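In what follows, every heavy atom counts, from backbone to side chain, and hydrogens, waters and symmetry copies are set aside. Note that the structure is a prediction, hence the values are computed from the model and not measured.
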Amino acid sequence: MKHLLYWNNLYDGNVSFIVQLLPGYKAHHSLDISKDWENVSKCENIRTTFCDLSSVIGSNGIYYLRVQAVHSPNKSPWSKTLEFQPIEQNKMGPPNVSVNASKDSINVFIASPGELENSPMSDTYELTYNVWYRTSSITKELRRKPSQFIISKLNSSTLYCLKVQAFSETYNKSSAFSNETCIKTAEGESSHFNLIFIVGVVLFIICLIFVIRYAWRYINNRFFPKCTFPVILENFGETDLNRLYFPIAEEQTDKCMVINSSVALPCKVNLDDVRFDKELEEINQDSGNYSIDNIIISSYNESH
């Protein structure tokens with residue numbers, strides 16, 4: 001952390017300056033503080049109007065400072081005493097930013113204020129970082145605590161510019177902005193490449209389907225062969241086979257009805273029929289053979 005003291009030169013001519021410092025703990029406990037002031041060795045008889053106090057002032061505590069102009073042999077009165085509390089009054093310089101990009105993201109690396117001078121303010125303050133990034137059409141803001149992070153979901157082949165500011169929430173203190181850094185994201189895959197990829201995937205799937213079907217058929221034929229009919233059944237048609245396995249429907253017939261009755265029904269007897277039957281019986285008894293060629297027998301029953 002760097003501490004610089006500035007003042008105005010109110011005198012003409014060849015004037016030099018002396019800077020004195022009084023630590024706060026001595027000011028609060030000493031009975032005569034006039035004896036406790038110390039000259040800052042690097043800031044004695046200097047002709048500039050500023051002094052670097054980084055080597056004698058830490059990041060904590062309270063310090064009192066005063067300046068005197070010297071034009072030999074004359075000396076000016078001491079300036080008004082300045083109370084300086086570094087952690088409260090320090091001004092933070094800008095952070096240092098470096099970036100690299102992929103096709104859809106940017107990696108951001110931040111060095112806290114003073115880090116490049118080996119006196120990082122992140123040793124004294126708990127810092128977060130406000131990041132502004134933009135394209136030609138949009139501007140966005142985000143806040144990140146780590147000093148390394150990724151800004152994702154960006155467009156490919158697009159120029160992004162960003163700047164960063166350090167911020168201490170505890171002391172409500174902000175640094176200056178870093179220099180704006182610009183970088184272009186990498187080119188994305190072309191539509192021609194995407195088309196080739198899609199066609200390749202489709203062809204692979206089709207080939208895979210054919211291989212699976214061939215393998216399935218081979219396994220079925222090898223381990224589960226189809227059953228074949230015996231030779232005797234090969235000449236049977238579909239109709240014949242159906243007859244073997246399925247019963248043929250019965251032919252339709254007239255409905256019949258049997259009536260049981262104990263009452264004798266009257267009937268008429270044809271005497272010619274009775275006579276013919278008797279003669280036929282006698283012929284059979286005589287010869288043992290008979291013929292009924294050219295004989296037409298008709299009979300009928302009448303029922304009432």
Side-chain angles (χ1 to χ4, degrees), residues 1-97 110-132 147 163-181:
M1 191 178 296
K2 202 169 188 177
H3 305 290
L4 299 175
L5 175 67
Y6 293 88
W7 60 89
N8 294 325
N9 183 4
L10 302 178
Y11 305 95
D12 296 328
N14 191 12
V15 179
S16 60
F17 301 93
I18 299 173
V19 177
Q20 286 188 336
L21 178 145
L22 174 67
Y25 69 92
K26 288 185 178 182
H28 295 153
H29 296 91
S30 177
L31 297 177
D32 185 7
I33 61 172
S34 62
K35 298 180 180 179
D36 295 321
W37 285 95
E38 300 174 357
N39 289 346
V40 178
S41 59
K42 293 183 179 180
C43 300
E44 290 184 278
N45 299 317
I46 59 174
R47 298 186 180 278
T48 60
T49 56
F50 68 90
C51 175
D52 186 353
L53 302 174
S54 303
S55 60
V56 293
I57 293 180
S59 57
N60 296 309
I62 298 174
Y63 301 87
Y64 296 94
L65 301 166
R66 63 184 184 180
V67 180
Q68 184 182 58
V70 178
H71 186 277
S72 184
N74 300 318
K75 295 182 178 180
S76 72
W78 289 102
S79 66
K80 183 179 178 180
T81 301
L82 174 68
E83 181 182 285
F84 178 53
Q85 190 173 353
I87 199 167
E88 293 283 352
Q89 296 174 254
N90 264 334
K91 291 184 178 180
M92 289 192 289
N96 186 268
V97 180
I110 301 175
S112 69
E115 187 170 341
L116 298 183
E117 293 81 20
N118 296 320
S119 56
M121 300 196 77
S122 57
D123 290 347
T124 305
Y125 302 97
E126 185 177 357
L127 299 177
T128 57
Y129 298 96
N130 300 321
V131 182
W132 282 263
S147 59
K163 58 183 179 180
V164 179
Q165 179 188 50
F167 175 73
S168 171
E169 187 173 359
T170 304
Y171 297 97
N172 194 27
K173 186 187 296 292
S174 299
S175 75
F177 281 103
S178 67
N179 294 328
E180 190 173 60
T181 303

statement: With Q20 as partner, the option from E38, E44, R66, Q68 fulfilling side-chain hydrogen bond (donor to acceptor under 3.5 Å, both in side chains) is R66
- request: Carefully, step by step, assess V131 and V97 under the rule side-chain contact (heavy atoms from CB on, under 4.5 Å).
  value: CA-CA 11 Å; V131 182; V97 180; over 6 Å; no
message: Can you confirm whether K75 is buried at NZ, in the sense that more than 12 heavy atoms of other residues, nucleotides or ligands lie under 6.0 Å from that atom?
response: no
- prompt: For the atom pair CD (E169) and OG1 (T128), what is the distance rounded to the nearest 0.5 Å?
  reply: 6.5 Å
query: Between CG of L22 and CG of L82, what distance do you get to the nearest 0.5 Å?
result: 12.0 Å
message: Between Y63 and H3 (judged by ring centroids, cut-off 6.0 Å), do the two rings come close enough to count as a pair?
response: no
- line: In this structure, OG of S34 is separated from CH2 of W78 (nearest 0.5 Å) by 12.0 Å
Closest approach of Y11 to S76 (non-hydrogen atoms, all atoms of both residues): OH-CB, 3.2 Å
- request: Specify the closest pair of heavy atoms between Y125 and S168, including all atoms of both residues, with the distance to one decimal.
  value: CD2-OG, 3.9 Å
task: Quickly, which of N9, L5, N8 forms a side chain to side chain contact (heavy atoms under 4.5 Å, CB included) with T49? Name it, please.
output: N9
- request: May I ask you to decide if the ring planes of W132 and F177 are parallel, tilted or perpendicular, using 30° and 60° as cut-offs?
  value: perpendicular
- request: Return the minimal non-hydrogen interatomic distance between I46 and F50, and the atom names on each side.
  value: CD1-O, 3.5 Å
field: Option from L21, I57, I18 for which side chain to side chain contact (heavy atoms under 4.5 Å, CB included) with V40 holds
entry: L21
- request: Find out whether P95 and S175 are in side-chain contact, i.e. whether some heavy atom of one side chain is under 4.5 Å from a heavy atom of the other.
  value: yes
message: Is it the case that over 12 heavy atoms from other parts of the model lie below 6.0 angstrom from the CD atom of E126?
response: no
message: Once rounded to the nearest 0.5 Å, what's the spacing between atom NE2 of H28 and atom CD1 of I33?
response: 9.5 Å
query: Which atom names give the shortest non-hydrogen contact between M121 and G93, and what distance separates them?
result: SD-N, 4.4 Å
- request: Say whether, by atom type as modelled, one donor and one acceptor occur between the side chain of S112 and the main chain of P120 under 3.5 angstrom.
  value: no
task: Grab the two heavy atoms, one from T48 and one from F17, that are nearest each other, plus how far apart they are.
output: O-CD1, 3.5 Å
- prompt: Rounded to the nearest 0.5 Å, what separation is found between the CG atom of N60 and the CD1 atom of I87?
  reply: 5.0 Å
query: Once you round to the nearest 0.5 Å, how far does CZ of F167 lie from NZ of K173?
result: 10.5 Å
- request: Show the numbers, then the answer: is there a side-chain contact (heavy atoms from CB on, under 4.5 Å) between L53 and F84?
  value: CA-CA 11 Å; L53 302 174; F84 178 53; over 6 Å; no
statement: On a heavy-atom basis, the closest approach of Y64 and A27 is CE1-CB, 3.7 Å
- request: Could you tell me whether D12 atom CG has more than 12 heavy atoms of other residues or ligands within 6.0 Å of it?
  value: no
